[in-house]
**Student:** 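Next up is a structure, given as structure tokens.
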Amino acid sequence: TIFSAPVRACLLLVVVSVWVQQVDGVWPLPQQLDQSADRNSLSPQRFSFTYGRDSAAQTGCSVLDAAFKRYFSIIFPDFTKGSVSVKTRGCDGYPDEDSDESYNLSVSEGQAVLRSVTVWGALRGLESFSQLVYQDDYGSYFINKTEIVDFPRFAFRGLLLDTSRHYLPLHAILKTLDAMAYSKFNVFHWHIVDDPSFPYQSRTFPDLSNKGAFHPFTHVYTQSDVMRVIEHARMRGIRVIPEFDSPGHTQSWGKGQPNLLTPCYKGDVPSGSFGPVDPTVDTTYKFMESLLKEVKFVFPDSYVHLGGDEVSFACWQSNPNVRTFMEKMGFGKDFTKLESFYMERTSIVWQDVFDYHERIPQDTVLEIWKGETYQAELSRMTKAGHRVLLSAPWYINHISYGQDWRNSYAVQPQNFSGVWSKQKKLVIGGEVAMWGEYVDATNLNPRLWPRACAAAERLWSDEEKTLNADLAFPRLEKFRCELLRRGIQAEPLFVGHCKHEYDGL
Amino acid sequence: MYCLVKFAPLFLAVAVSNGWLFGDFVGKQKVLDEISLWPLPQKFQSSAVAFKLSPTRFQIVQAKQSSAGPSCSILENAFRRYFEYIFGDLKKPEKSRKKVYDSDLVELQVWVTSADPECDGFPSLQTDESYELSVDEPSAVLKAANVWGALRGLETFSQLVYEDDYGVNNINKTDISDFPRFAHRGILLDSYRHFLPLKVILANLEAMAMNKFNVFHWHIVDDHSFPYMSRTFPELSQKRKGAYHPFTHVYTPSDVKMVIEFARMRGIRVIPEFDTPGHTESWGTGIKDLLTPCYSGSSPSGTFGTVNPILNSSYDFMTQFFKEISTVFPDAYIHLGGDEVDFSCWESNPDIQKFMVQQGFGTDYSKLESFYIQRLLDIVAATKKGYMVWQEVFDNGVKLKDDTVVEVWMENKMEEELQNVTGAGFTTILSAPWYLDYISYGQDWQHYYKVEPLNFPGTDAQKKLVIGGEACLWGEYVDATNLTPRLWPRASAVAERLWSDKSVTDVDNAYNRLVQHRCRMVKRGIPAEPLFVGHCRQEYKGL
């Protein structure tokens, strides 16, 4: 089960001098942040992370041991030798929708104390702590006296990557997970397969990637690749939710799985092209059951994304067998049948499934992606009692000239007509989507960062305190430079410079 | 796939009947799938006969008759570069192929024909970049008047080579006769809004050569920072607020030298821009009294405007400064800017007002601007350099030397401007439709591709005065993190427009070639972004 005992990390500090220094804050902004001008000096030689005596997690907690090491070298990049040894036992759980990510951080003279209920909260606190440390003109490290009480506004703060339209090498995904943790994102929505390619290497149906990937060896994710992604994410408190979108968006599936897709007809004869998954034959459901059983086994998260968007009915309508079937059964598509394979799992589906009044289990989460009327959609869905995820205003694959992060920042996810207690709390969070039509490893990172940070703050911080984009701007600029310093290829917000510029290409 | 099947029989029939595929490419998918030249050569014939290239046997050599000997480092370096582009990293142990095919291509002979190969020279506006390339057994021959044409031909040769399914390099029997449509094919990078590390500039010079661009317009300083380290006036970049940082965010003289030499090796001219009298805020911190003190009512407000045009000291400074610039940058042209001059500060200053009255300018401050520019042009002319200016300088009626190049950058009334500038007899380059910093969702390269630079009312003589164009990537939102994928392959569209024949306008055909050209750039280490859904055999490995 999930690790959920109190954790406390003590940070030992030595006070050297007291100077007034501009404090630049943390991104996303903590719920409560009190800082004084009193600053403590940090010595890379003497500073260390330790577990509090009353902490339930102690040395041996893999998540925190690794995090200590990681954050030590983030804070002191010139001192690569961390003092913490990493073992891998304990703290073996995965973050989930109920994970408590709250933490309290108190930085005072001589020591800092980070308290959290779970390791996941401790990770968030370590991130904030690392952002509080700064260097003066002589390179000395300082941290101001600070009190933080912090917790996320929404439990689900996701980022979608699309590895079907372009293959993203593993290191690009891992790098994205690093950057996600810096912005306190906690869900990686892996849109792993789609029409153009099927890079997921299935153990049950290897032909899916053998024939459906761009290349069966260089453009696939092996089982061990997937495990690596999941573990890398877990270490950063990030859930991995895979999406196996059907019945539409499945052209690449058909290459390795004969008879899965509906043959389209032109008049009375098959046209040679194929449409969505064929819902009329039992083999389809047997296949889906086996595949999804595997997915359930490989991906530990309690959620799975089943897609269900943009199903083109033209091909179904052209096919005489489908038409006969429709008449016989008296209904169209039925998602309950598909979802029934996920008995103990919660599924997420795109809004189309709701819009077409398909039968949906009550605990299914609906994701809104259509931009024009998302407020009305929020209203309708929550009124029907469904939990909702918002991604419509955060399709950041759509680029434009200038500071479009401000649009993302201005989004108010709970600003729709509805009863507060019943409806608004059904908005469980949102997702930034980076669809892959025009994106691959060459441009992914600068396109994601820092533009995704705007939604990260909207989903974590108090809306009242963070509505003014002009006030956020200098903090985000600073955070962007911090991302560069940490090796994330984050593009500039506007004219200016960073102390540590990106030195790649 | 469908097209392939459909056209394969046609393709074979043609190949059998006369052995050649000519000129236009409609329907010849198979050949294009394999070679995808970019930009498309002027004259091109290719047959289905393919030769193999062995990494252990194939060589690029100087032809016996060539006027460029083995001491011609520009070619020797290029030979090595293109060998690596074709065969990959040489350091990897290469399994030598035992079997020697009958149909091997064993060498490419590079034959420079003119008495002076220009091995140690610099490319110029007048440079002849034409070349002829003939690929046949057992040797391919590349013929060019000078090294610059040879460089263009080497790029084309490397693009003709394709890998078959077994990883063997092939090249088809081919004849090419090629030359650029326009002489000035430029890229503008802005290194002052954000500092661009040397590495990024050099990588983009590489990518430029892959696209046959031949001018790097280096907008090196401006309002926000002054990263150029001047020998004569080191305080320009040293003082606070001159450069972003006096050591980490500057181009030292040796950096500049390196950029120029790296560009020269690729047949690329480096034209620096020192924009005055506006866009000079960063200059003022290093040079006292250079900028005009602005007034608020009757007292100085503490802020500064454009260069002070009424002080002799301003002109003394410019004289010394441009003397340095003219020696540091070997190109025959310097870009003097002259755009977007804000008059409000001049208007506020009582000394300037007095000067206006003395000169009889009335309240027409564009006359004062012209007064300044006129003197500046004389100063630069004395250094024996030609100059380029932005269109405002022409619009304001400043008297220009005959060989001045006017750069048209305003998209509004662009055709009228081209008509006027060329009507007045000035050479011009076009950048208005190619401001690549303006991004949008989707395949905007097509817009750049569809531009026809000579599509304005005017005589043939006027059209001849359009000597080329530039793709501009201004730096408001661009630095080392995103510059390269934002520029490539979008700038490639401009490259083909400026090199290839006017009739090369088929967007679908261009798309197919450009997809492969972008994969080729990726393979060569340039993070060129994708055009649309798909993949490259070798994806970008950097990050």
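Here is the naming used below: chain letters follow the sequence lines, and residue numbers restart at 1 for every chain.
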**Student:** Looking only at heavy atoms and a cut-off of under 4.5 Å, which of B:Pro197, B:Gly475, B:Gly534, B:Ser225 has the most pairs with chain A?
**Tutor:** B:Gly534
**Student:** Give me the contact list for residues 395-405 of chain A versus chain B, heavy atoms only, anything under 4.5 Å, ordered by residue number.
**Tutor:** A:Asn397, A:His398, A:Ile399, A:Ser400, A:Tyr401, A:Gly402, A:Gln403
**Student:** Below 4.5 Å, heavy-atom pairs only: which of A:His215, A:Lys499, A:His497, A:Arg165 has the largest tally toward chain B?
**Tutor:** A:His497
**Student:** Below 4.0 angstrom, N of the basic side chain to O of the carboxylate: do A:Arg485 and A:Glu482 qualify?
**Tutor:** yes
**Student:** For B:Val478, which atoms come within 4.5 Å of any heavy atom of chain A: side chain, backbone, both, or neither?
**Tutor:** backbone
**Student:** If we define contacts as heavy-atom pairs under 4.5 Å, which of B:Arg193, B:His249, B:His224, B:His194 has the most with chain A?
**Tutor:** B:His194
**Student:** With a 4.5 angstrom heavy-atom cut-off, which part of B:Leu531 approaches chain A: side chain, backbone, both or neither?
**Tutor:** backbone
**Student:** Does this structure show an ion pair linking A:Glu491 with A:Arg447, if we count only N-O contacts that are shorter than 4.0 Å?
**Tutor:** no
**Student:** Heavy-atom cut-off 4.5 Å, strictly under: side chain, backbone, both or neither for A:Pro492 against chain B?
**Tutor:** both
**Student:** Looking at A:Ala490, A:Ser197, A:Ser164, which makes the most heavy-atom pairs under 4.5 Å with chain B?
**Tutor:** A:Ala490
**Student:** Give a yes or no on whether A:Lys370 atom NZ has more than 12 heavy-atom contacts from other residues, nucleotides or ligands under 6.0 Å away.
**Tutor:** yes
**Student:** Could A:Arg475 and A:Phe473 be counted as a cation-pi pair, given that NZ or CZ must be under 6.0 Å from the ring centre and within 45° of the axis?
**Tutor:** no
**Student:** So what's closer than 4.5 Å to chain B heavy atoms on A:Glu437: side chain, backbone, both or neither?
**Tutor:** both
**Student:** Please confirm whether the ring centroid of A:Phe244 lies under 6.0 Å from the ring centroid of A:Tyr200.
**Tutor:** yes
**Student:** So, does B:Thr252 use its side chain to make a donor-acceptor pair with the main chain of B:Asp255 at under 3.5 Å?
**Tutor:** yes
**Student:** I'd like to know if B:Glu163 and B:Arg537 make a salt bridge, using a cut-off of under 4.0 Å between side-chain N and carboxylate O.
**Tutor:** yes
**Student:** Identify whether the distance between the nearest side-chain nitrogen and carboxylate oxygen of A:Arg406 and A:Asp470 falls below 4.0 Å.
**Tutor:** yes
**Student:** Hey, is CE on B:Met265 packed in by over 12 heavy atoms from elsewhere, all under 6.0 Å?
**Tutor:** yes
**Student:** Could you check B:Met210, B:Arg513, B:His517 and say which one makes a side-chain contact (heavy atoms from CB on, under 4.5 Å) with B:Ser492?
**Tutor:** B:His517
**Student:** If we define contacts as heavy-atom pairs under 4.5 Å, which of B:His245, B:Gln538, B:Arg486, B:Glu539 has the most with chain A?
**Tutor:** B:Glu539
